[in-house]
2 protein chains.
Amino acid sequence: MQTTSAKYQQQKPQLLARTRVIKALAHPTRLFIVEELEKGERCVCDLTAMIGADVSTVSKHLTVLREAGIVVDDKRRNQVFYRLKVHCILNFFGCVESVLDSQRDEALRQ
Amino acid sequence: MQTTSAKYQQQKPQLLARTRVIKALAHPTRLFIVEELEKGERCVCDLTAMIGADVSTVSKHLTVLREAGIVVDDKRRNQVFYRLKVHCILNFFGCVESVLDSQRDEALRQ
DNA sequence: TGCATGTTTGGCAATATAGCCAAACAGATG
DNA sequence: CATCTGTTTGGCTATATTGCCAAACATGCA
């Protein structure tokens with residue numbers, strides 16, 4: 001029996017699964033997309049206009065979010081609409097904001 | 001007035017700030033550390049033993065978490081103890097699990 | 001069919017991340 | 001002071017990520 005790393009190794013598959021989801025959110029453009037989709041579905045063209053990057057770049061970001069299971073696409077006519085698949089992402093951000101608030105408080109105190 | 005990218009550009013500083021926190025969580029080893037610290041403080045040596053990587057690697061992961069404002073360190077004697085600075089990270093994971101659950105359900109249905 | 005619009009994919013270059021080893025540093029203790 | 005334990009930092013290589021352009025695909029419509 002191995003004495004070191006047992007605990008981590010045992011949990012690793014689960015940790016990797018979670019990491020895949022979190023990594024998908026770890027980019028400003030993808031965060032923007034998620035927040036925008038909280039308001040409702042958007043086509044790639046809408047998102048591209050708001051973001052101001054190449055369409056291919058936005059499309060790849062959407063692929064990352066789709067493969068992570070965060071959004072789903074819906075092809076209608078010659079457009080592709082994306083929407084959130086899971087709607088708890090805002091809670092998620094609440095915690096991120098707590099971290100940032102705590103940093104801001106600290107900065108003020110110095 | 002700019003017609004494209006205005007919205008994204010305006011929000012970008014905030015999005016980048018959030019991204020820094022999320023990126024810090026986007027690694028299996030760092031996720032493990034956060035979950036372990038939910039239970040209480042741990043010294044670098046404890047974490048290193050559980051993870052089974054080089055101490056320098058673990059130390060660098062801890063630096064990433066510290067710089068993101070997620071953990072704080074406390075040097076006592078010749079050891080350094082880390083603990084969570086913000087305690088809402090578990091809610092965070094709840095949402096990540098929802099994403100994973102929804103993927104699992106889907107896999108079963110196919 | 002041919003063309004316009006909207007989206008995805010391939011490919012490449014630039015940048016960022018992760019891991020290990022070696023070395024530096026810090027405190028405790030003989 | 002010398003040495004031991006515990007931690008961080010520097011440096012390097014390997015790998016992953018990002019963004020753009022060009023090209024391929026898909027759909028709608030003249």
Side-chain angles (χ1 to χ4, degrees), chain A residues 3-5 8-9 12 15-34 36-37 41-68 70-83, chain B residues 3-5 8-9 12 15-34 36-37 41-68 70-83:
Chain A
T3 61
T4 65
S5 83
Y8 176 67
Q9 289 307 326
K12 198 160 185 187
L15 293 167
L16 279 168
R18 291 179 175 191
T19 295
R20 275 190 287 276
V21 177
I22 297 174
K23 281 177 91 159
L25 294 167
H27 189 284
T29 297
R30 294 195 292 264
L31 226 47
F32 176 84
I33 291 173
V34 168
E36 193 57 32
L37 296 186
E41 66 173 18
R42 298 282 186 272
C43 67
V44 179
C45 49
D46 288 342
L47 294 169
T48 300
M50 288 185 272
I51 292 164
D54 194 276
V55 201
S56 68
T57 301
V58 174
S59 177
K60 278 177 184 170
H61 282 306
L62 286 164
T63 299
V64 171
L65 289 171
R66 181 165 21 84
E67 288 180 348
I70 296 169
V71 304
V72 286
D73 63 335
D74 188 6
K75 302 176 207 319
R76 292 204 303 271
R77 305 185 55 97
N78 64 337
Q79 290 183 316
V80 180
F81 290 86
Y82 279 87
R83 60 173 185 274
Chain B
T3 60
T4 65
S5 85
Y8 176 68
Q9 289 308 325
K12 199 160 182 184
L15 292 167
L16 278 168
R18 291 179 175 190
T19 294
R20 276 191 287 276
V21 177
I22 298 174
K23 280 177 91 159
L25 294 167
H27 189 284
T29 297
R30 294 196 292 267
L31 227 46
F32 176 85
I33 291 172
V34 169
E36 194 57 34
L37 297 186
E41 65 172 21
R42 298 282 186 272
C43 68
V44 179
C45 48
D46 287 341
L47 293 170
T48 299
M50 289 186 270
I51 291 164
D54 195 277
V55 201
S56 69
T57 301
V58 175
S59 177
K60 279 177 184 172
H61 282 306
L62 287 164
T63 299
V64 171
L65 289 171
R66 179 164 25 79
E67 288 180 348
I70 296 169
V71 304
V72 287
D73 64 334
D74 187 6
K75 301 174 209 317
R76 293 203 303 271
R77 305 183 58 95
N78 65 338
Q79 291 183 314
V80 180
F81 291 85
Y82 280 86
R83 59 172 185 276

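All values below were derived from every heavy atom in this structure, side-chain atoms included, with hydrogens, water molecules and symmetry-related copies excluded. Letters A, B, ... are given to chains in the order of the sequence lines, protein chains preceding strands, and every chain is numbered from 1. On a predicted model such as this, the values are computed, not experimentally measured, just so you know.
The side chain to side chain donor-acceptor pair (under 3.5 Å) test applied to Thr63(B) returns Arg66(B), not counting sequence neighbours. Not counting sequence neighbours, the partners of Ser56(A) by the side chain to side chain donor-acceptor pair (under 3.5 Å) test are Asp54(A). With sequence neighbours excluded, no residue forms a salt bridge (charged side-chain N to carboxylate O under 4.0 Å, His left out) with Lys60(B). Applying the salt bridge (charged side-chain N to carboxylate O under 4.0 Å, His left out) rule to Glu41(B) yields the partners Arg76(B); only residues at least two apart in sequence or on another chain are considered. For the side chain to side chain donor-acceptor pair (under 3.5 Å) test, residues two or more places apart in sequence or in another chain that qualify with Arg18(A) are Glu35(B), Glu97(B). By the side chain to side chain donor-acceptor pair (under 3.5 Å) test, Asn78(B) pairs with no residue at all, sequence neighbours left out.
Rounded to whole angstrom, the span from the NZ atom of Lys12(A) across to the C1' atom of dA18(C) amounts to 11 Å. Following rounding to the nearest Å, Leu47(A) (CG) and dG19(D) (P) show an atom-to-atom distance of 15 Å. In this structure, Phe81(B) atom CZ and dT7(D) atom P are separated by 8 Å, rounded to whole Å. Computed from coordinates, the Arg20(A) CZ to dA16(D) P distance equals 13 Å when rounded to whole Å. Nucleotide dT17(C) holds its P atom 14 Å from the CG atom of Leu25(B), rounded to whole Å. One atom, NE2 of His27(B), and another, P of dA16(C), lie 18 Å apart when rounded to the nearest Å. Distance, Asp74(A) CG to dT27(D) C1': 15 Å, rounded to whole Å. Taking atom CZ of residue Phe32(A) and atom C1' of nucleotide dG19(D), one finds them 18 Å apart after rounding to whole Å.
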At a cut-off of 3.5 Å, list every protein nitrogen or oxygen paired with a nitrogen or oxygen from nucleotides 8-11 of chain D, distance to 0.1 Å.
unit_1: dT8(D); atom_1: OP1; unit_2: Tyr82(B); atom_2: OH; d: 2.8
unit_1: dT8(D); atom_1: OP2; unit_2: Ser59(B); atom_2: OG; d: 2.7
unit_1: dT8(D); atom_1: O5'; unit_2: Ser59(B); atom_2: OG; d: 3.3
unit_1: dG10(D); atom_1: O6; unit_2: Lys60(B); atom_2: NZ; d: 3.1
unit_1: dG11(D); atom_1: O6; unit_2: Lys60(B); atom_2: NZ; d: 2.5

Distances under 3.5 Å only, N/O to N/O: pair up the protein atoms with those of nucleotides 26-30 of chain C.
unit_1: dT29(C); atom_1: OP1; unit_2: Arg77(B); atom_2: NH2; d: 2.9

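For the pair Val71(B) and Leu62(B), the tightest heavy-atom approach, listed with the atom from each and the gap, is CG2-O, 4.1 Å. Of all heavy-atom pairs between Val80(B) and Lys75(B), the closest is CG2-CG, 3.9 Å.
Put simply, His61(B) has no side-chain N or O that comes within less than 4.0 Å of OP1 or OP2 on dT17(C). Phosphate proximity of dT17(C) to Lys23(B): present, with a side-chain N or O under 4.0 Å from OP1 or OP2.
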Scan the side chains in residues 21-29 of chain B for donor-acceptor partners under 3.5 Å anywhere in the protein, sequence neighbours excluded, and list what turns up.
unit_1: His27(B); atom_1: ND1; unit_2: Thr29(B); atom_2: N; d: 3.0
unit_1: Thr29(B); atom_1: OG1; unit_2: Tyr8(A); atom_2: OH; d: 2.9

